[in-house]
Amino acid sequence: MSSPSPQPDSGAASGSPSEFLKNIVGKRVKVRIGSGVDYHGLLTCLDGYMNVALEETEEWAGGRKTAEYGDCFLRGNNVLYISALEDL
């Protein structure tokens, strides 16, 4: 019997969270923070602490747009999730 040969390790499994995060930089995203407020914008930067920098940002609360910002920085400990708003 022969055992299957090991697959090369690409660092991140296909479909993994880290792969998703790499693919959404430069895309429009929705970021939800702990208070339930959503921020929609162009993801320009993301670090290992989940600190997020957005451009052309809209703030949404209660289903309606409440503010617009040119640039927005969200501290990682406030981020609940990040979702892509466009196809990857």
Side-chain angles (χ1 to χ4, degrees):
M1 291 187 145
S2 66
S3 61
S5 60
Q7 297 294 325
D9 187 355
S10 63
S14 178
S16 71
S18 62
E19 192 66 28
F20 169 75
L21 293 172
K22 287 179 194 171
N23 289 333
I24 63 170
V25 174
K27 308 277 189 195
R28 293 201 54 80
V29 298
K30 173 172 83 171
V31 181
R32 172 146 310 162
I33 63 171
S35 65
V37 176
D38 294 334
Y39 292 88
H40 299 188
L42 183 67
L43 180 65
T44 56
C45 189
L46 177 71
D47 69 12
Y49 296 102
M50 294 296 288
N51 293 318
V52 176
L54 300 173
E55 291 181 354
E56 303 168 14
T57 309
E58 300 173 341
E59 180 181 77
W60 289 77
R64 31 178 262 256
K65 184 166 49 168
T66 56
E68 291 185 15
Y69 307 104
D71 296 324
C72 178
F73 179 81
L74 300 170
R75 188 172 168 178
N77 67 331
N78 294 315
V79 174
L80 289 181
Y81 67 80
I82 301 173
S83 176
L85 291 177
E86 59 185 67
D87 292 336
L88 301 179

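These numbers were taken from a predicted model, which means no experiment stands behind them.
- Residue pairs that meet the salt bridge (Lys or Arg N to Asp or Glu O under 4.0 Å) test with at least one member in residues 75-88, sequence neighbours left out, do not exist here.
- Residues forming a side chain to side chain contact (heavy atoms under 4.5 Å, CB included) with V37 (at least two apart in sequence, or on another chain): I33, S35, Y39, E59, A61.
- Each salt bridge (Lys or Arg N to Asp or Glu O under 4.0 Å) pair with one or both residues in residues 29-39, not counting sequence neighbours, appears once here: R32-D38.
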Let me have the donor-acceptor pairs involving side chains of residues 44-55, under 3.5 Å, with sequence neighbours excluded, atom names and distances please.
| unit_1 | atom_1 | unit_2 | atom_2 | d |
| --- | --- | --- | --- | --- |
| T44 | OG1 | A53 | O | 3.1 |
| D47 | OD1 | Y49 | N | 2.9 |
| D47 | OD1 | M50 | N | 3.2 |
| D47 | OD1 | N51 | N | 2.9 |
| D47 | OD2 | N51 | ND2 | 3.0 |
| N51 | OD1 | G76 | N | 2.7 |

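- For residues 65-88, the set of pairs meeting the ring-ring contact (aromatic ring centres under 6.0 Å, His included) definition, not counting sequence neighbours, is empty.
- Contact between A84 and I24 at its shortest, heavy atoms only, is CB-CG2, 4.2 Å.
- For E68, the side-chain hydrogen bond (donor to acceptor under 3.5 Å, both in side chains) partners at least two apart in sequence or on another chain are K65.
- Nearest heavy atoms, L42 versus G26: CD1-O, 3.2 Å.
- Cluster annotation: L21 is connected to L74 through the hydrophobic network of ILVMFWY side chains, with a link wherever side-chain heavy atoms come within less than 4.5 Å.
- If you take CG on L85 and CG on L43, they are separated by 10.5 Å, rounding to the nearest 0.5 Å.
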